[in-house]
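Everything on this sheet refers to the single structure shown next.
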Amino acid sequence: RAVAGAEYGSFEHTLLRAGYSAATQDDRFGLAVAGRTFSRDDYTIGGSGPTLVNSAYRDSAVSLGMRFDPVPGHRLSAVGSSFAAEAGAPGMVNDPDPDASTQETHRYASLAYDGAGPDGKISWRAAVYHAFHEYDYISEWGMVTETTTQGGRIHVALPTFAAGRLTVGGELERIKHRQKEGAFNSPDTDYDIYALFAEERLPLDRLTLYLGTRYDWYRGKTLETTGLDVSPDRETFEHASWRGGAVYDAADWLSLRAAVGTGFRPPVANELTGEVITPFGAIY
């Protein structure tokens, strides 16, 4: 199956998109690919006001997905995507910068395995992923930053009680944030996150009750950074949270939900460091 489309509008708005998906006759293997490109020239303020100089925008994206079912109840799947964008950065409307711009690149890839026992009562999933983001600000005071995220997650679902289901698992994630060219806003950092979780779901006719808990262990590190006066530091934190709730299917088209729980937000690099000396002064 193939699809395609195109758009054209004001301010040279142009969008082209296409996609293709296919599967083998026995449906054990399938793939899908899609892409798009978009562009828009400088626009006018308020639709009929003066043209905002350097406000053009362009991006392109492509994605690919594949799945393979070697035997019934087991599936391997892979996903990859790439996105790139370039936009003018005019700044103040009354005094726009004609040359500044931003460029962003995103790349993502994941691999997952879903399986189940012979009777389907026990199921599991394991997945790993990798993501990359680069941000470039191009101007007299330009900068480049890169963020890399890698992680994995695994969980198992087990039958409990008469019709309940318990899901238990864990996940880990590592985030690396690096200041590249001319970046003076925050230090280089590493984050390591480890978590364990469990949730019980109990369906009772139209009503489903659930209760879950999660334990997070978090480590944040600030590193020596070119262009900044940073005292490297490392801190660890841990937190246990919980949530509970109910879902009531009042009708085929209406579900009522209620939930309560707790959460945890770990500190970011600047909060760990306390003070960073930049060429423009101290950041607290």
Side-chain angles (χ1 to χ4, degrees), residues 1-22 31-66 78-110 129-150 175-189 225-228 268-270 278-281 283:
R1 179 171 179 260
V3 296
E7 294 180 5
Y8 181 80
S10 302
F11 316 119
E12 301 297 321
H13 165 114
T14 304
L15 173 64
L16 303 174
R17 60 179 181 271
Y20 175 78
S21 60
L31 67 84
V33 60
R36 57 159 272 179
T37 179
F38 172 80
S39 64
R40 187 206 66 228
D41 285 349
D42 294 348
Y43 61 84
T44 57
I45 300 174
S48 59
T51 299
L52 181 59
V53 176
N54 192 29
S55 59
Y57 174 85
R58 290 169 176 76
D59 72 34
S60 60
V62 62
S63 63
L64 172 67
M66 296 184 293
V79 174
S81 64
S82 178
F83 173 83
E86 181 177 358
M92 296 183 294
V93 174
N94 60 346
D95 186 21
D97 187 328
D99 300 314
S101 64
T102 63
Q103 294 180 352
E104 287 195 66
T105 301
H106 298 261
R107 292 194 294 269
Y108 177 82
S110 67
Y129 59 89
H130 175 91
F132 173 82
H133 174 225
E134 179 178 285
Y135 175 83
D136 299 5
Y137 179 67
I138 303 169
S139 73
E140 182 181 358
W141 301 102
M143 68 176 184
V144 180
T145 62
E146 293 181 356
T147 303
T148 302
T149 305
Q150 297 174 317
I175 304 172
K176 294 184 177 182
H177 183 69
R178 298 292 184 264
Q179 310 295 319
K180 294 297 184 178
E181 302 172 9
F184 303 123
N185 57 330
S186 62
D188 290 349
T189 53
T225 307
T226 302
L228 299 178
V268 297
N270 286 341
T278 78
F280 307 103
I283 299 176

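Excluded from the calculations below are hydrogen atoms, water molecules and symmetry mates; all remaining heavy atoms, backbone and side chain alike, are included.
When all heavy atoms of Leu64 and Val33 are compared, the pair lying nearest together is CD1-CB, 4.1 Å. Between Tyr137 and Ala89, the shortest heavy-atom contact is CE1-CB, 4.0 Å. Among all heavy-atom pairs drawn from Asp97 and Asp99, the shortest one is OD1-N, 2.9 Å. Contact between Tyr108 and Tyr129 at its shortest, heavy atoms only, is OH-CB, 3.7 Å. Looking at every heavy atom in both residues, Arg40 comes nearest to Arg58 through O-NH1, 4.4 Å.
Looking only at distances, no side-chain donor or acceptor of Arg178 sits under 3.5 Å from a matching main-chain atom of Pro187. Side chain of Asn54 to backbone of Pro96: no donor-acceptor contact under 3.5 angstrom is found. In this structure a side-chain-to-backbone donor-acceptor pair under 3.5 Å is present from Ser55 to Tyr43.
Ring-plane geometry between Phe38 and His13 is classed as perpendicular, the angle between the planes exceeding 60 degrees on a 0 to 90 degree scale with a lower cut at 30.
Atoms CE and CD1, from Met143 and Ile138 in turn, are 11.5 Å apart once rounded to the nearest 0.5 Å. The OH atom of Tyr8 lies 9.0 Å from the OG atom of Ser39; values are rounded to the nearest 0.5 Å. In this structure, Ser60 OG and Leu16 CG are separated by 11.5 Å, a value rounded to the nearest 0.5 Å. Note that NE2 of His106 is 10.0 Å distant from CZ of Phe132, once rounded to the nearest 0.5 Å. Residue Thr145 holds its OG1 atom at 7.5 Å from CG of Asp136, rounded to the nearest 0.5 Å. The CD atom of Glu86 sits 8.0 Å away from atom OG1 of Thr102, with the distance rounded to the nearest 0.5 Å.
Using a 4.5 Å heavy-atom cutoff, the side chains of Arg17 and Glu7 are in contact. You'll find the side chain of Val53 reaches within 4.5 Å of the side chain of Pro98, heavy atoms only. Glu12 is not listed as a side-chain neighbour of Asp42, based on a closest heavy-atom distance of 4.5 Å or more. Counting heavy atoms from C-beta on, the side chains of Asp59 and Arg36 come closer than 4.5 Å.
When each of Thr147, Thr148, Asp188 is tested with His177 by the rule side chain to side chain contact (heavy atoms under 4.5 Å, CB included), just one qualifies, namely Thr147.
The pair Glu134-Arg107 fails the salt-bridge criterion, with no side-chain N (NZ, NE, NH1 or NH2) lying under 4.0 Å from an Asp/Glu carboxylate O.
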